[in-house]
Protein chains: 2
Amino acid sequence: MADAKVTSLDVARLAGVSQSAVSRVFTPGASASKATVEKVRKAAAELGYRPNPLARAMITGKSRIIGLVLTYLENQFYPLALELLSNALQDKGYHVLIFMAPDIHSDIDKVVRELMDYQVDGIITASVGMSNDLTNRCAAAGIPVVMFNRGQDGTGHSSVTAANVEGGRKAAEFLVAGGYTRIAHIAGWSGSSTGRDRRRGFAETLEKNGLAPLATVDGMYKRDIAAEAVRGLMARPERPDAIFVGNDYMAFSVMDTLRAEFGLTIPDDIAIVGYDDVPLAAWAAYDLTTVRQPVNRMVEATIETLLSKIDDPSRPAQKIEIDGPLVLRGTARIPEGWTR
Amino acid sequence: MADAKVTSLDVARLAGVSQSAVSRVFTPGASASKATVEKVRKAAAELGYRPNPLARAMITGKSRIIGLVLTYLENQFYPLALELLSNALQDKGYHVLIFMAPDIHSDIDKVVRELMDYQVDGIITASVGMSNDLTNRCAAAGIPVVMFNRGQDGTGHSSVTAANVEGGRKAAEFLVAGGYTRIAHIAGWSGSSTGRDRRRGFAETLEKNGLAPLATVDGMYKRDIAAEAVRGLMARPERPDAIFVGNDYMAFSVMDTLRAEFGLTIPDDIAIVGYDDVPLAAWAAYDLTTVRQPVNRMVEATIETLLSKIDDPSRPAQKIEIDGPLVLRGTARIPEGWTR
DNA sequence: CTTTCCCTTGCATACGAATGCAATCAGTCT
DNA sequence: AGACTGATTGCATTCGTATGCAAGGGAAAG
């Protein structure tokens, strides 16, 4: 039967104990007798008391808030990650303060500074880079940072990504085994480790098989740029017979363009392989063959890394890579002997 | 050149003024002489001082945090809304604490209680209902609530929705004008005002034109249930020649099922009209004719309503409906005289 | 030159909870 | 019974900032 603003002092008075006692009952690990606990719990329930996390944060320095920096929510991968991250953190008793980075390329320093103001216990950045200056500030303030789906060398931060080089390799091997020979690549933004790694794994593996990419274009993770890249590829004297696209989001644009503007049938006229395996990739309209980024395992690893670093700040930064399978669907011929 | 934890007291000492003076310089509306402001600003810059919002919240009772309760992020409409809401609130100096409601049907009381603990200045719920008890608590605590894309009678909360009855009407008139006669409806969840209103506007308008829905099925806003509904419709002796679907997200599933399982061509064999106009609706693979929910105007209205209620708690709750056009694309025949 | 008024400023306190310290209490061992 | 041990408890202080109050200062008005 609560009214507004019940404080620990109110509870203390009703329970006939000191404010400290109330605090100790609600502080895990503090000592309180069974009798006290009971009295306090009863009084608290009666008044509808709940500890004020802000006041708590002031004194402990721990807000139990995690800052999450995002961009680019139109790519289905991120809403999904957000959902899983948020749920997992809620389960662990943390809360999530969200910031949208204005642009995938822009710096997020302003945003992170605001996060630090709120004394967040940790920061997760999804697909965004941080300046070195800021990196140092976070370190100085003792705020652990985990980069999700983006690595960055030289910073002391942990990162969790898919095994992108390996993923690029898988895509290449698959297309080679499928007998494709004029294979183009519309790559993820070359300013991102993710884009570079996939591209490298892909190119190296083609080479190992005596092939070279027919062309490699930076798609910047954007729909319109990817579509433009397709037009460029199709204008060449030798058209590609397969395209490996740096992520699913661009792959959908590529497929739309090939079908609507060039009247091509996939996979008969041209094969497409994507990267991510977002839910949309499984929908019949696309049925996209793609390398899976195992979001749930990436989320688990992210949270585990972050929380353990919060518990024990002396832990070294980790770079975790998580392997994912190539998911065989309908946008590329399946080689002899490969099972779907 | 900051180190960790610079307080207003540090700044005060360096500037040779009192802590109060520093506070006043950073509090809009407080009085401070030009000389003081300058000294303090300089010292603050030198130390890298930034006011601690948590401490500030303790004393003012205003955290400048808005709680946002979400579900169902796989429907592209919500990530989009989230992005816009978050950006707009950031611009106004607010921050966003995110909560995922476990399920669209489940109650969100626990979640909202946690929000209240954090002394959020206001709450936005997207497509989720609240218990009456909770409603009262928010009122008692003086926390304004705006429901986004969901109305609820009897609560004292404001709500912002599309003009759903009107939207249902538009869909119906369009299909009637297009000469369709066997029109089915796969509706949004009947437990939501949004779903009910669209359905009502649709049914009433058909009736006004001497028609009745061939069938009406509750799609529950779920892909698999919508797909199942399609199978049910196609098993009837008289197959529909058009389907109005309660939102785009389900409409995509309906189209996938019609094409992949029944080999139908859209719009030649059957017409589809959706609701929302999410970005995906404009992609070539679907090219969906749909009633637009003007997200940006809905977001603007939501924020305006919420912030003005925060400024002046005596404002009455508002129920805002925002009209949106029918967007003509390629999933239904366009009637004579209608322009695309 | 005095009076009045407004603008600044510092002092002291408050917000709500956590915690070091010392005192108290119960329980155990001899 | 007395001494010793360990668990509880209350007191007082702390976190960082905002703000009521009263005092000080300067300018304008008389």
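Everything numeric in this text was worked out from a predicted model, so none of it was measured. Numbered from 1 within each chain, the chains take letters A, B, ... in sequence-line order. What's counted below: heavy atoms across the whole structure, side chains too, no hydrogens, waters or symmetry copies.
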Chi angles and distances behind the side-chain contact (heavy atoms from CB on, under 4.5 Å) call for B:R64, B:D121: CA-CA 6 Å; B:R64 297 200 74 82; B:D121 293 347; 4.2 Å; yes
Stepwise side-chain contact (heavy atoms from CB on, under 4.5 Å) test for A:V111 and B:Q90: CA-CA 9 Å; A:V111 154; B:Q90 263 174 253; 4.0 Å; yes
Stepwise side-chain contact (heavy atoms from CB on, under 4.5 Å) test for B:I98 and A:L68: CA-CA 10 Å; B:I98 281 256; A:L68 184 52; over 6 Å; no
Nucleic acid footprint by protein, nucleotides 18-27 of chain C - heavy-atom cut-off 4.0 Å, B for base, S for sugar-phosphate alone: BBB-------
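Comparing B:M58 and B:S33, the nucleotide of DNA chain C nearest to each residue sits closer to the 5' end for B:S33. Comparing A:G16 and B:P53 along DNA chain D, the residue whose closest nucleotide (by nearest heavy atom) sits nearer the 5' end is A:G16. Heavy-atom nearest nucleotides on DNA chain C were determined for B:V17 and for B:Q119, and the one closer to the 5' end corresponds to B:V17.
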Nucleotide pairing, DNA chain C (Watson-Crick or G-U, distances under 3.5 Å), in dot-bracket with [ ] and |: ||||||||||||||||||||||||||||||
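There is no side-chain donor-acceptor pair under 3.5 Å between A:Y221 and A:S127.
For residues 31-42 of chain B, the pairs satisfying side-chain hydrogen bond (donor to acceptor under 3.5 Å, both in side chains) are B:S33-B:T36, with sequence neighbours left out.
Among the protein residues, A:S31 comes within range of the nucleic acid bases, having at least one heavy atom under 4.0 Å from a base atom.
Residue A:S8 places at least one side-chain N or O under 4.0 Å from the OP1 or OP2 atom of C:dA17.
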